[in-house]
Enquirer: 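The structure is given below, and queries will be raised subsequently.
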Amino acid sequence: MDLNKIKKDGKTGLANALVELEQNPFNKNSLNLLTQAYKAKNGNILGITGPPGVGKSSLIKNLIKFYRSKKKTIAVIAVDPSSKKTKGALLGDRIRLETDPNDKGLFIRSMAARDKLGGLASITLSSAFLFNALFDLTIIETVGVGQSETDIVNIADTVLFCVQPGSGDALQFMKAGIVEIPDIIAITKSDLGEIANITKNDVINSIKIGNYSKEQDLPIVLISSKEEKNINDLINKIEESQKRNEAIKNKKKEIRSIFWLEESIKEQFGLSGIEKLKKIKINTNSPFLQFLKIIK
Ligand SMILES: Nc1nc2c(ncn2[C@@H]2O[C@H](COP(=O)(O)OP(=O)(O)OP(=O)(O)O)[C@@H](O)[C@H]2O)c(=O)[nH]1
Ligand SMILES: [Mg+2]
């Protein structure tokens with residue numbers, strides 16, 4: 001598999017590459033492709049997380065509309081936590097979007113979370129590396145249920161956490177230390193009225209109580225995807241955050257590749273693999289091909 005060929009073949013090429021990555025995730029062909037993608041010019045990865053039904057997909061729909069109108073290319077990965085029950089079978093698209101199938105600049109995939117509830121399986125990570133080399137923006141939607149949203153920090157350049165009005169999430173994530181995770185918080189469904197404002201204040205207070213260092217840097221935006229309100233404001237915050245994170249983008253990329261290595265080894269060899277991993281120094285120039293060395 002070759003990155004340029006995939007580019008040339010468009011969506012069919014990409015779909016075939018994903019099948020190969022899924023079926024033979026750790027053969028030389030797949031690992032070489034990941035290495036190519038890793039070394040290529042990369043876009044941005046935006047992680048969108050939050051409890052079930054908070055409005056993540058509805059927001060993504062708005063983001064797609066905005067970025068496609070600016071001719072930016074987008075890939076979306078919707079991580080499906082319910083896949084555990086169906087043993088990894090590919091489920092129907094979680095994002096029920098009416099998108100133009102002929103739009104070459106948009107690619108949407110649902111993916112199984114597999115081993116952990118809400119966690120990111122190695123295929124999800126591998127796809128993210130590939131998409132990041134092919135699209136301007138890769139959005140990963142994960143359902144945050146407890147500690148699992150910490151995974152998204154290991155993979156995204158920028159993390160957006162969605163909060164449902166009146167949900168009591170503010171206290172929840174303060175307790176779980178989740179406030180330290182996002183770069184931006186969106187309070188969704190502001191069309192529900194006053195309750196959304198109250199929730200915004202709760203979130204602000206939970207940040208203060210927690211005495212988090214990022215307090216000033218953590219924008220909180222009230223949005224309504226239904227009424228398309230404040231979406232542009234949120235997009236500005238996302239872009240500001242991407243700019244801020246630009247300086248640490250390479251570091252983030254390295255973290256992501258080490259995470260890939262850890263998750264892949266764990267998936268294949270369990271904890272004994274992790275013991276092996278601890279003994280070696282990871283070469284972040286070529287983390288993918290190192291997989292082969294570690295398993296020897
Ligand atoms: N009133 C209102 N409802 C919304 C808004 N955004 C989403 N919803 C509704 O909330 C429900 C869940 O929306 P989704 O966008 O599917 O939420 P999600 O977070 O992607 O859900 P999961 O993927 O299942 O975790 C749907 O019934 C939406 O119509 C909004 O801005 N206002
Ligand atoms: Mg969704």
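By convention here, the first residue in the shown sequence is residue 1. One-based numbering, in listed order, for ligands and for the atoms of each.
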Enquirer: Residue-level breakdown please: for Val54 versus ligand 1, do any non-hydrogen atoms fall below 4.0 Å on the side chain, on the backbone, on both, or on neither?
Expert: both
Enquirer: Flag the pair Asn197 / Ile187 as yes when at least one side-chain heavy-atom distance between them is below 4.5 Å, and no otherwise.
Expert: no
Enquirer: Looking only at distances, can you tell me whether any N or O atom of Leu59, backbone or side chain, sits closer than 3.5 Å to an N or O atom of ligand 1?
Expert: no
Enquirer: Tell me which one of Ile231, Asp191, Leu192, Ile223 gets a heavy atom nearest to atom 2 (C) of ligand 1.
Expert: Asp191
Enquirer: Salt bridge or not between Lys243 and Glu240? Use side-chain N to carboxylate O under 4.0 Å.
Expert: no
Enquirer: Looking only at heavy atoms of Ser224, does any of them come nearer than 4.0 Å to an atom of ligand 1?
Expert: yes
Enquirer: Are a donor atom and an acceptor atom from the side chains of Asn27 and Glu20 found within less than 3.5 Å of each other?
Expert: yes
Enquirer: What's the atom name of the N, O or S in Glu141 nearest to the Mg ion (ligand 2)?
Expert: OE2
Enquirer: Looking at Ala133 and Lys7, what are the two nearest heavy atoms and their distance?
Expert: O-CE, 4.1 Å
Enquirer: Quick check: are there more than 12 heavy atoms from other residues, nucleotides or ligands sitting under 6.0 Å from NZ of Lys28?
Expert: no
Enquirer: Tell me whether Val143 reaches ligand 1 (any heavy atom closer than 4.0 angstrom to a ligand atom).
Expert: yes
Enquirer: So for Glu227, does at least one of its heavy atoms come nearer than 4.0 angstrom to any atom of ligand 1?
Expert: no
Enquirer: Using distance alone, with no hydrogens and no angle criterion, decide if Glu239 and Asn236 have a side-chain donor and acceptor under 3.5 Å apart.
Expert: no
Enquirer: Under the rule for ring pair (Phe, Tyr, Trp, His ring centres under 6.0 Å), what residues qualify as partners of Tyr67, not counting sequence neighbours?
Expert: none
Enquirer: Would you say Gly55 and ligand 1 have an N/O pair spaced under 3.5 Å apart?
Expert: yes
Enquirer: Please find out if the Mg ion (ligand 2) and some N, O or S atom of Ser57 are separated by less than 2.8 Å.
Expert: yes
Enquirer: Which of the numbered atoms in ligand 1 are below 4.0 angstrom from a heavy atom of Ser58?
Expert: 6 (N), 7 (C), 13 (O), 14 (P), 15 (O)
Enquirer: Both conditions, 6.0 Å and 45 degrees, for the charged tip of Lys253 above the ring of Tyr38: are they met here?
Expert: yes
Enquirer: I need the atoms of ligand 1 closer than 4.0 Å to a non-hydrogen atom of Ser57, numbered in the order shown.
Expert: 15 (O), 18 (P), 20 (O)
